[in-house]
Amino acid sequence: MSNVLNDAALDQLFRTARTQNAFLDKPVEESQLKALYELLKWGPTAANGSPARFVFVTSPDAKAKLAPALSEGNHDKTLAAPVTVIVAFDEDFHEKLPYLFPHADAKSWFDGPREGRTESAFRNGSLQGAYLILAARALGLDAGPMSGFDNAKVDEAFFKGTAIKSNFLVNLGYGDPSGLFPRLPRLSFDEAARIE
């Protein structure tokens, strides 16, 4: 892991990558979505818990289920995107720890009421959602992550009767540059960080 990525790779992942608001009419193949997951799954999570769960909304029926949960500002662009990923987290993620973290009794660390697992599931599931965005960019896809939806409606439509809860959405596809807003600034190192 001693090689530094070249500038083109760093640009694609970070510096020139943009949050997309519109997408070209170009499909994303199922094989690409599977490759995306196969890449993002390697990102680290606490005790390898991997609590994120992903629903790749692509079909007209699935989009119709999602539509009532979308805010007005996100409705049309989300339904027009080739793929919308529901990034969610499983509050019962610990059930898979005997497989994912076999060298210790990690499941027992999280046994008990679900409320005791929510913080870890949400935090690590959010990390995995960020890995999804970077993996998408690495594989040549554009991403438009967003809030702006009713979590309870999404959970009712897609996760009813489970321990899975929605976190945020990510539109995926090939970005249409005409939908971009001007690039916004970022905080400087001194504004956001310090070395002690």
Side-chain angles (χ1 to χ4, degrees), residues 17-41 43 45 50-93 114-115 117-119 121-184:
R18 301 293 306 280
T19 296
Q20 298 292 325
N21 293 293
F23 293 88
L24 301 174
D25 185 17
K26 182 178 177 182
V28 176
E29 302 299 329
E30 184 177 315
S31 60
Q32 291 174 280
L33 300 178
K34 290 181 176 178
L36 172 61
Y37 178 75
E38 290 301 318
L39 187 57
L40 80 88
K41 73 180 184 181
T45 56
S50 306
R53 302 293 180 262
F54 305 96
V55 177
F56 293 94
V57 177
T58 60
S59 71
D61 287 347
K63 285 183 177 272
K65 279 172 52 176
L66 181 61
L70 299 170
S71 68
E72 183 179 341
N74 288 334
H75 183 274
D76 292 350
K77 70 178 182 180
T78 299
L79 295 185
V83 180
T84 300
V85 187
I86 303 170
V87 179
F89 57 95
D90 185 354
E91 291 186 313
D92 286 346
F93 70 92
R114 280 184 180 155
E115 295 76 28
R117 297 186 290 274
T118 300
E119 183 178 339
F122 178 75
R123 177 186 303 116
N124 289 284
S126 297
L127 280 173
Q128 290 184 277
Y131 303 146
L132 177 137
I133 294 165
L134 291 175
R137 291 173 173 177
L139 294 175
L141 294 170
D142 290 302
M146 61 188 166
S147 301
F149 69 98
D150 186 321
N151 291 79
K153 287 182 180 178
V154 168
D155 294 350
E156 176 72 16
F158 290 90
F159 306 120
K160 187 175 183 178
T162 74
I164 300 172
K165 293 184 176 178
S166 57
N167 186 351
F168 62 98
L169 305 177
V170 182
N171 288 333
L172 291 178
Y174 299 92
D176 181 348
S178 69
L180 290 174
F181 299 119
R183 184 79 189 211
L184 295 173

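All values below come from the heavy atoms of this structure, side chains included, with hydrogens, waters and symmetry mates left out.
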Lys165 meets the salt bridge (charged side-chain N to carboxylate O under 4.0 Å, His left out) criterion, sequence neighbours left out, with Glu91
Open item on the list: When you compare the side chain of Leu169 with that of Ile86, does any pair of heavy atoms fall below 4.5 Å?
Closed with: yes
### Query
Does any N or O in the side chain of Lys63 come within less than 3.5 Å of the main-chain N or O of Ala81, such that one atom is a donor and the other an acceptor?
yes
Between Arg114 and Arg117, does the side-chain contact (heavy atoms from CB on, under 4.5 Å) criterion hold? Intermediate values first, please. CA-CA 5 Å; Arg114 280 184 180 155; Arg117 297 186 290 274; 3.1 Å; yes
Does Lys77 reach the main-chain N or O of Asn21 with its side chain, forming a donor-acceptor pair under 3.5 Å?
no
- Task: With side-chain contact (heavy atoms from CB on, under 4.5 Å) as the test, would you mind laying out the steps for Leu39 and Tyr131 before giving the verdict?
- Result: CA-CA 9 Å; Leu39 187 57; Tyr131 303 146; over 6 Å; no
Ser59 and Asp61 side chains, donor-acceptor separation under 3.5 Å:
no
Indicate yes or no: at least one non-hydrogen side-chain atom of Lys26 is less than 4.5 angstrom from one of Pro82. no
Practice task
Flag the pair Leu36 / Val85 as yes when at least one side-chain heavy-atom distance between them is below 4.5 Å, and no otherwise.
Solution key: no
Verify side-chain contact (heavy atoms from CB on, under 4.5 Å) between Val28 and Phe56, making sure each step is shown before the conclusion.
CA-CA 11 Å; Val28 176; Phe56 293 94; over 6 Å; no
Tell me which donor-acceptor pairs under 3.5 Å the side chains of residues 133-144 have, and how far apart each pair is, sequence neighbours excluded?
from	atom 1	to	atom 2	distance (Å)
Arg137	NH1	Leu13	O	2.8
Asp142	OD2	Gly175	N	2.7

Closest non-hydrogen contact found for Val154 with Ser166 is CG1-CB, 3.7 Å
The side chain to side chain donor-acceptor pair (under 3.5 Å) partners of Thr78 (sequence neighbours excluded) come to Asn171
Problem - Min side-chain heavy-atom separation Phe93-Thr45 under 4.5 Å - result: no
- [ ] Without swapping roles, check the side chain of Asn167 against the backbone of Val87 for a donor-acceptor pair under 3.5 Å.
- [x] no
Here the pair of heavy atoms bringing Leu40 nearest to Gln128 is CD1-O, 4.1 Å
Does any N or O in the side chain of Asn74 come within less than 3.5 Å of the main-chain N or O of Gly148, such that one atom is a donor and the other an acceptor? yes
Here the pair of heavy atoms bringing Phe168 nearest to Met146 is CB-O, 3.5 Å
ask   = Looking at side-chain heavy atoms only, is the closest gap between Leu79 and Leu70 below 4.5 Å?
value = yes
When rounded to the nearest 0.5 Å, the distance separating CZ of Phe54 from CG of Leu33 is 12.0 Å
Check your understanding: Can Glu30 and Lys34 be counted as an ion pair, charged N to O under 4.0 angstrom?
Key -> yes
When you look at CZ of Phe122, are more than 12 heavy atoms from neighbouring residues, nucleotides or ligands closer to it than 6.0 Å? no
Residues Ala22 and Gly179: closest non-hydrogen pair is CB-CA, 4.0 Å
Does Phe159 form a side-chain contact (heavy atoms from CB on, under 4.5 Å) with Val55? I'd like the steps, not just the answer. CA-CA 10 Å; Phe159 306 120; Val55 177; 3.6 Å; yes
| message | Just so I know, are the side chains of Lys160 and Asp155 near enough to count as touching, which here means a heavy-atom distance under 4.5 Å? | response | no
So CZ of Phe89 and CG of Asn124: to nearest 0.5 Å the spacing works out to 11.5 Å
Between Tyr174 and Pro27 the two heavy atoms that sit nearest each other are CE1-O, 3.6 Å
Scanning both residues in full, the closest heavy-atom pair of Phe181 with Arg18 reads O-NH2, 2.5 Å
Rounding to 0.5 Å, atoms CZ (Arg183) and OG1 (Thr19) come to a distance of 8.0 Å
